[in-house]
Structures are given as C-alpha cells and as structure tokens.
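As structure tokens, the structure follows; a few thoughts come after it.
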Amino acid sequence: MNLVDLTIADARRMLQQGETTAVELLEAVVDRASLTEADLHAYLTIDHDGAARAARQADERRAAGDDDPLLGIPVAVKDNMTTIGVPTTASSKVLDGYLPPYDATVVKRLKAAGAVIVGKTNLDEFAMGSSTENSAYGPTRNPYDSSRVPGGSSGGSAAAVAAGSALGSYGSDTGGSIRQPAAFCGLVGMKPTYGLVSRYGLIAFASSLDQIGPFGRTVDDAALLLDAVSGHDPRDATSYSGETPKVADADGGAGGLRVGVVRELSSQGIDDSVADAFSRTVDRLSDAGANVVEVSVPAADLALSAYYLIAPAECSANLARFDGVRYGLRVEGDTVESMMSATRSDGFGPEVTRRVLLGTYALSAGYYDAFYGQAQRVRTMIIREFESAYGRADVLVSPTTPTTAFEFGAKTADPLSMYMSDVCTIPSNLAGHPSASVPIGVDEQGLPIGFQIMAPALEERLLFRVMRAVEAVAEPVPRPTFAEVAT
Amino acid sequence: MPIDIDIAHVAQLARIALGPDEEELYRSQLGVILDHAARVQAADTDGVPPTAHPLPMVNAFREDIVRPGLSHSDALHQAPDAHDGYFRVPPALDVE
Amino acid sequence: MTWEPVIGIEVHVELQTDSKMFCGCAVDFSAPPNTNVCPVCLGLPGALPVPNRRAIEWITKIGMALDCQISTRSQFHRKNYFYADQPKNYQISQFDVPVCHDGVLEVESEGVTASVRINRAHMEEDTGKSIHVGGDGRIHAATATLLDFNRAGVPLVEIVSEPDIRTPSQARVYAQTLRALVASLGVSDAKLEEGSIRFDANVSVRPAGSTELGTKVEIKNMNSFRSLEKAVDYEIRRQSEVLESGETLVQETRHWDEAAGVTHGMRTKEGSSDYRYFPEPDLLPLEVDEAWQREIRSSLPELPSARRSRYESLGLDRETAGVLVASDDAMVAWFEAALDHGADPKLSANWLTGEVVAYLRRESREAGDLPLTGSHLAELAAMVEDGKLSSTAAKDALQGVLAGEGRPAEVAAARDLLQISDASALEKAVDAAIEAEPDSFERLRSGEDKLMGFFVGQVMRASGGKADPKIVTAILRQRLTE
Ligand SMILES: [Mg+2]
Ligand SMILES: [Zn+2]
C-alpha cells in the first residue's frame, strides 16, 4: 500500500510505531503530486522548503516524545488563508505574488500542532464559485474523472486529498464550498458552527457566512483535523468564546436518534442516482435504529435567493480593499481613482466582478430595504424554521448536491444554474449551523455521491456521531486510480 | 418585476472600470440574478427582525493594550509604489 | 429680506487611548510614517477588527456628559467609500443605532444661553493621512499623494448637533464648550492645531420667521475657533447674497480658505456619497448594560457646567468662572491646586485669567512650560492677605514667578516688593509726616476727615510705596486720640 492512501488515523499509528516518518510521508505526497498535478492542478503553490523543514521538525518533536494528533501529517490549505512568506492569492490576479506578513490563526495552530503544510490549494477566485473554474490560474480537475469539475470553491483542497497529494486538507465554506466538493470527490467535508473556527487570516468572501473546515477521507480524519483548529480566538470578534465541542471521540451510533429528512432539500431537482442513494442510506439508518421523520423547512426555498443578496453585499465591501494602494496588483492611471478602477477591472475575474456589482447594487440607496434588508429578515425566518425543525428531529439530512460532479463548462454560461448547485448546502450557512457531507456511494459512472447532515449550533458532537453512523452504513466509494509513471 | 439597473453608476460606486460590452453583459446578468433573488420580496416578513449575525452573541472586546504590529519594512514590503517611508499613489481627483 | 441662519456642527474627537480602535497599534502621532501599523489597520487580506473596550467606555462618558441617552445595544456598520487613505475602503462606523443619542449642551454666548440639542455621538475609526506632493503645494496641481497609515484606526467619536445654532458666535462658543467638556473628561487632548478635535459646520439660511430648512452647505477645514466663527459668518453672508440676487444654492461641501477668508466649492463627483451602510459582520452588537453604565457614570469627573457652578459658589463672578472652566486644562489644574493649598479663590482666578493668560500670549509660551504651581498662587494670596504685598506688588511678584525667578516670597524679597508692616518703623514715618505738616494734622483732628488720605499718602511716598496702608491708617487714628 502506498503511504498516500493512508488515512490520517493509520498514518498516525505508523508514525507512533516508527513504521514511517513525517519526512517519508511528505516525500510520498509530493511524489504523488508530481504524478497528478499536471492533470489535476489541485495546488497553486507547493511549499517544498517549508514543508520539508516542518517534516524534519515533526520527526524531531516525535523523537522528543511529542504525540500531537497531527504531528507529521501532510495537509493542504486552501489558498485563501494567509501564510507568512508563502504566496497567498485566493486564486485572484489582484493578489498575484502576494506574500502575507502573518499566518492565519488556523495556519498558526496547524504549525503549532506539528502538521506539515504541503502547499496552498486552488479555489474559485475569492471562493466565489462551485466548480473551481473561476480560478485566475486555471481550473482544478476531478480525480475521479478529469473531464469533470471537483466542485468548489474549495476544489483544490478536495482534489488533493482525493488524489493523495495530501492526507487531509482545509477549505472554507460560505454556501457549500467544503461540502459540495467533498461530495464530488468522495470525501468527508465539514462546515463547523459559525464562530467555532477562527476566521482571522481567512481572506473574507462573506464574513457572516464564511467558516473554515476540514476534508478527510474518513469521519475520524475529519474529526482530528477539526479538533486541531477549533476553539476561541481573541483576534476574531465573532469567534465563539464558550467551551469548544471536541469531536474526536463523538460516537454512539444512530440508535434512538431522530433523523429528519428535509422535504424542501430532498425532493425537487435532485438527480435520480443521487436521490436513490440518499433514500437507501436513510433506510439503512432506520435499520440501524434511527427514527426517521420527514420535516419541512418552507423558507429553505428562499435560502438561495437570500444568499445571493447577502453574500454579494458583504463581498462588495470585503473586496474593496483590493485597490492597488498597499499590496497586490496595480494598473497605473493618471489619478488615484482611475488607478483603482483599472486595477480592480483587471484584477478581478468575471464572477467576482459580477458579485461585487450585484452586492453594490443591492446595498445602494433606495434598494437596501427591498434587497439586503429583506434578505436578512428571510434569514431570520430560516433560522426560526430550523429551530422548530430541531424540535422534531435531532439532526436533519438531505443530499449534499442535486447532482454528481458535472463537466467543465456545463454551467459557466449561466450563473444562475451554477448557483443552483449549492441549493442544499446554503441554508446551514445562513443559519450558522454545523453541517457535513459524508460519501455514500457512487453513481453509474462511478462518480461519488454525498449525504448531508445538519445539526443545531454547537452540536458538533451530535453531528459527528451521526456522520460516523452514516459512514458505517454507506456503500463503498473506491479511491480514484492514477497510472503510475514509469521511473 | 423588471429591474432597470444603472450599471455605469454601480460600476462607479464599486470602482471597477467597465467597457460598453461589459456594461451590457453585466446589466443583463444582474437582471436575471436579481429577478430570482427578488423572490425574497414575496416573503411575508412582517414583524420579523433582520439577522446580521448567525449566533446571538454580544461584546467581544480587546483591552486597551499596545501590541507590536508590523515592522516598517514588512508594512511597505508589498507596496506597488513607496517613497520615503510612505505608500505612494497618483494624485487624487476628488480632494477632501 | 432678513435671512435667519440655521447652523449644525459635526465634531470628530480622537480618543487618546493607548492602542487603536480595532488593533493593538499605538496611538502616537509623533512616530515616523507607517511605523504604527499592523495587518488590521493596514487592511491586509484576512485581518479582522476587535474593538477596544476602553474606547467604548470613553464614548459612553462623552455621551453621559452631553446628557445623552445611552443605547443599551448598538451596532457597528460599514460606511463604504473609496479613498486612498482609508485602508479597507470602508470605514467602520455606526449608523442607525449609535452608542449615544438625544443629548443637549448649554451654550452661553453674547449674554444669551441656548440649549443646543445633540443628535448623536457615535464610535468610528480615523483614516490615514494623505500628503499631496508636487504642484508647488497646491492640492489641485499635486503630482502624487503620499500615505501614512499611523492614524488609520485611531478611535474617533463623531458628535452631531441638531441645527439649533443661530449665530457665528454661538457656533464658536458651542465648539469651545464642547472642547472643554471633552478635555475635562480626560479622553482626548482635544487639540485643534493637531487635529485631535475637528469641526465641520452645516450652514443654511432661510427667510426670518420661516420654519423650513434652506439648502445646506457643509464647510470644512477650520482649524481654530476663530476661523470656525469667521467661516460660518462668511457662509451666511454668501448664501444670503446668492438668494438675495434671486439665484439658488447647491447642496455641496465647501472648503474654508483661511488666508483668503472665503469658502470654495470642492470638486466631488456626483453621486459619490452613496455610502451603502450595512451592519459590520466582523463585529458583534455592543451591549452597554445598566450595570456597566453605572460603573462608567461613577467614574465621570466633575463636568464643566458643575465646575462652573462650584466656582461661582466660591465667590467667583459668572464670567470669570466661565472663562476659567473653558480655558486650557493647565489653568483649571492650577486653580484647583491653589484651592487645595487654601488660596483665596477670587485672587487666584483673577491672576490666572488676567496676568497668566496675558503672559502666555505675550511670551508665546505653553501653559505646561511655566514654572507656576498651585502652591505659588496660595503663597502669593496669603502674602496679600497678610499685608506683606500690595495687590500691585503681588502682580509684580507673579511676573517674577512666571519668569522663573523663584517662589513668590523669594521674588518679592529680591524685587524689594515687601510691605513695611513693622509698627515701630511706621510709627516713626507717621510722626515725621505729622511733624512736617502740624497745621494739617490739627485740621484732621478737628474733623476734616479727607486729610486722612493725605497723611497716608505722605507716609506711602516716604516709604517708596512699601508701607502697609492699613497699618499706617491705624497709627494715624491712634495719634488722633493721643
Ligand atoms: Mg464621521
Ligand atoms: Zn494596527
């Protein structure tokens, strides 16, 4: 067995028993990257020197008796999290070559835990997209079928873990950007409760929706990855300051749990193969002792519309700082105003431009109440309906995505059809609740299918318990295969 | 509802230079998205307060303590143009 | 037609906290450019703001001092506009729910006391500084702009009055009163010259008797109380003339040109003031609950209005008390220290508002640089009370103290100002005067009382002005009975 196919939990056992080293693990994933990157393009930057140094230090720490769960584990980080001295672009031309002077809190915690950060992964520019086609540096391809997208916006982080060029990774999820690519790439992907993981150093897309979360090949791996970075951060005012729910040991099976199938997210517009796999899994959960009920969250129908007002509005302000003054791209102009306009016109791709314009419009004089204000009231309705649904069910479930991975270009011409691929995942972001996608099998083309589980705020332990129960009953999802290059 | 968007004004507010073709493209695309988004307007939200933050928390503060920031060279390191310890930009048209 | 001016004033006060509003950078205006900056106040990608607790306490103090309602719950908003010295291209400010609202400030000018209502006081952050270079210093011909972000993110309190001000002098006194109030709270050094307090005025005029508001013009760039008064006065006249000539006014922002004594319209792009406010998603709502409000209220120092009443109760006339309260912090500090040392309040207040102010102006010196102390003032007052110094000699001695010649007693001795109060010496002088004018003394004895002054004067002249007239008079009365 190739080291790159190990789960983090297994790699950790081998490290503990001296059967491998952090340096070997890093070499294995870097070798895999050299095999797959030309095709997949999961990474924007592989930090060879930094990773090699971190791997050596991890081995030294282990020799000194340290046994942090992620010590020596090669992980990848989405390129919208800042890393000292390592290019951080958020896949935008406006940040081409940008070298941050500070580490994001998540990156700092990973370094402190002894994880080996292999590199920075590709994404839709500023995390705006559902396919990673919106990267200024070219798309990422799906390891299961390179004619298809890996999902997005955290497509690079998903593809790297699926391909074996990292054992685990981190993405950010604003409307489904972890769960949707996890579903498309056969991985466990998890969006924590808003505020559980610090956003300090995460290049903001929509601040009230963004959350960083893990990708793993198993629920256990996702749990280790989450526990390593969760917890209060005084640098993020929206960070949750209560006790952090740690999930590594959250187990207990599905027995006696009330599992609510959300009607609005599970019926209309879902492909047959996805819908069938979903209901087979629900049945198995029932067989395993879960109490399956159907619940209705009528406002979920409005979630997509509310999201496409709130997220662009916030992004229009968040991206205002990219102006050619202090860092990043500058396109010269006679006046500072023309310099800024030219820089932003050149620096932003079409999807980012579209959303900045949309958000600017939705906030502008005379439209605020009709658009942004009303979207925030709908957000309240969604939260209230979820709360009442949690009175009838412990967790809520739905398919993660209406379809399996689609082909390149299938949705690029019609922004609205692209937005629709997040229809099931968006409500959790609006509510701020934790939510995850667990792979439950493949369609007739061998493409992975994801099962979404949602839980009330801060009920991460409950969520992981159900994730493990789903994983236990899921149909197998084979690892993608790659032709070995003759050496 | 048909939405008439003054795209040039919006682009000016957002400080993004658009050519005529781009203006037309974005105007029509925004119209389609807003038509869909306008569904929120049909929702009966009488008496429903807006939500700005998903979790009902208040008051995260820092104490009034000075902490070291960036060194002068780190601060200016990524500047497209710097002069004499300052960031430098072309002259302003709007002067305040 | 008679035109009635309607004036409102917006004040920006920089708080002198140790660190900035949303990051740990030092608030220090003397530092070289771009040395007090960090990812947060430079607006680097990924950085997040965390509010300074003390700034929230201080704006609450300001609100309480202005008799404002304090919002139990308020919220930060983003105010969106592009400007090169604004790192994020939005300012974190407040919009519909400021920390403080609906207050009042009493303003006394030209014998009239008016209540100016305060609309709101809200918390926000300052911008960086732009230096326009080239073009011989003329802004419009500048060839580049240099940016320093040391000031970016400094806590700023914006205080907005209702349009209750009616005269240029009232506008000036409002500003002075507000400055004194803020200074008394110890939350800002509130120096106009350094821009730590800044005033903008909204001016319109309307036909006398009308209740409608005319077209409003915002005037900026006044850097002294006098220029605020002059700019408002100029703008009232300009607007009245425009309307008088049958033309209409445009709503605009105008710049005060101190040298020319006029306001100029500023070049601003149309529609650029659509600020697209929305709740700041990076910050939680602020909750200043009753308990916290009580704690803040209990830490309030004596406010200028209360201080003025106290000074009046010590015997100061209303005007002197007012001048003292509104003057430099050092004046109040001297006065309070003098009181602590048991000085006579009226004497001390008159010296401070008279001799000391005149000295500072004449010598162009800062109050903080003078060697004067409260105990000096108390010593001086005691010497007057004890008859050791005449009131004229006391002023002379004070000049010496201000010039650094030593304590009042030392100066009085060195400058030979002490009164002769030694009875035996004075008796000799009195007897000599009687001997020289025996006829006059007989007339005084027979009831010609006005001659008393003549004899006192003779003794004073003979002593070179240093005899204590009270003792001289007493000795003369003694001689009359002998
Ligand atoms: Mg302001
Ligand atoms: Zn700072």
Side-chain angles (χ1 to χ4, degrees), chain A residues 80-82 88-90 92 95 98 100-105 126 198-204 206-210 233-239 310 313-314 316-328 336-337 339-341 344 359-368 372-373 376, chain C residues 22-24 34 37-52 76-92 95-96 128 130 132 140 142-147 149 152 267-269 271-286:
Chain A
N80 59 354
M81 299 175 215
T82 62
T88 301
T89 66
S92 181
L95 280 177
Y98 173 65
Y102 75 103
D103 276 334
T105 295
F126 288 112
S198 171
R199 294 184 296 115
Y200 192 76
L202 171 67
I203 299 178
S207 313
S208 78
L209 303 165
D210 296 342
D233 177 12
R235 289 182 182 275
D236 174 359
T238 62
S239 150
I310 293 170
E314 292 183 11
S316 72
N318 283 331
L319 270 57
R321 68 188 62 196
F322 302 104
D323 60 3
V325 175
R326 285 145 294 124
Y327 46 78
V336 69
E337 291 84 3
M339 180 278 280
M340 286 183 185
S341 294
R344 292 165 61 76
T360 303
Y361 176 83
L363 289 173
S364 64
Y367 302 104
Y368 181 92
Y372 190 77
Q376 284 202 319
Chain C
F22 297 114
C23 63
N34 298 304
V37 292
C38 73
V40 178
C41 60
L42 267 187
L44 297 193
L48 294 172
V50 182
N52 184 330
F76 286 106
H77 272 64
R78 291 185 184 176
K79 179 182 183 179
N80 296 284
Y81 64 98
F82 282 83
Y83 206 80
D85 61 18
Q86 176 161 259
K88 304 181 294 296
N89 286 315
Y90 59 82
Q91 179 190 35
I92 303 178
F95 183 53
D96 51 355
S130 290
H132 304 286
H140 296 298
T143 53
T145 301
L146 300 180
L147 299 163
F149 292 98
R267 295 182 302 169
T268 34
K269 275 210 187 106
S272 62
S273 60
D274 184 345
Y275 293 127
R276 290 162 283 133
Y277 282 99
F278 73 102
E280 165 58 285
D282 287 334
L283 295 171
L284 302 179
L286 282 175

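Throughout, protein chains are lettered first and strands after them, A, B, ... in sequence-line order, and every chain is numbered starting at 1.
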* Would you mind checking which part of A:Ala90 comes under 4.5 Å of any heavy atom in chain C, side chain (CB onward), backbone (N, CA, C, O), both or neither? => neither

* Contact part of A:Tyr372 toward chain C, heavy-atom cut-off under 4.5 Å: side chain, backbone, both or neither? -> side chain

* Residue among A:Leu319, A:Leu209, A:Leu95, A:Asn318 with most heavy-atom pairs under 4.5 Å to chain C -> A:Asn318

* Structure fact -> Pair count under 4.5 Å, heavy atoms only, with chain C: among A:Ala204, A:Ser208, A:Ala317, A:Ala206, highest is A:Ala317

* Structure fact -> Residues A:Ser364 and C:Asp274: closest non-hydrogen pair is CB-OD2, 3.4 Å

* Asked: So which of C:Val40, C:Leu44, C:Leu284 has the biggest tally of heavy-atom pairs under 4.5 Å with chain A?
  -> C:Leu44

* **Heavy-atom pair of closest approach, residues C:Arg78 and A:Ser207** => NH2-OG, 3.6 Å

* Distance in Å, A:Arg326 CZ paired with C:Leu42 CG, rounded so as to fall on 0.5 Å steps -> 7.0 Å

* Quick one: what part of C:Tyr277 sits under 4.5 Å from any heavy atom of chain A, side chain, backbone, both or neither? -> backbone

* To do: Mind checking side chain to side chain donor-acceptor pair (under 3.5 Å) for A:Arg199 and listing every partner two or more places apart, or none if nothing turns up?
  => A:Tyr194, A:Thr238, C:Asp282

* What distance do A:Ser239 atom OG and C:Leu48 atom CG have between them, rounded to the nearest 0.5 Å? -> 10.0 Å

* **Which atoms of A:Tyr98 approach chain C - backbone, side chain, both or neither, heavy atom under 4.5 Å** => side chain

* Quick one: of A:Arg344, A:Gln376, A:Met339, who has the most non-hydrogen atom pairs under 4.5 Å with chain C? -> A:Arg344

* Structure fact -> Heaviest contributor of heavy-atom pairs below 4.5 Å to chain C, chosen from A:Thr88, A:Asn80, A:Ile203, is A:Ile203

* Taking all heavy atoms of C:Val50 and all of A:Ala237, pick out the closest pair and write down the distance. => CG2-N, 4.1 Å

* Relative to chain A, which of C:Lys88, C:Gln86, C:Arg276 shows the most heavy atom pairs under 4.5 Å? -> C:Arg276

* To do: Heavy atoms only, distances under 4.5 angstrom: which of A:Pro100, A:Ala104, A:Ser198, A:Ala320 has the most pairs with chain C? Name it, please.
  => A:Ala320

* Asked: Hey, would you say the A:Tyr368 and C:Phe278 ring centroids sit under 6.0 Å apart?
  -> no

* **Audit row: A:Glu337, C:Phe82, side chain to side chain contact (heavy atoms under 4.5 Å, CB included) steps and yes/no** => CA-CA 8 Å; A:Glu337 291 84 3; C:Phe82 282 83; over 6 Å; no

* Asked: With distance as the sole test, does A:Tyr102 use its side chain to make a donor-acceptor pair with the main-chain N or O of C:Ala47 at under 3.5 Å?
  -> yes

* To do: Name the option with the most non-hydrogen atom pairs under 4.5 Å to chain C; the candidates are A:Thr82, A:Thr105, A:Asp236.
  => A:Asp236

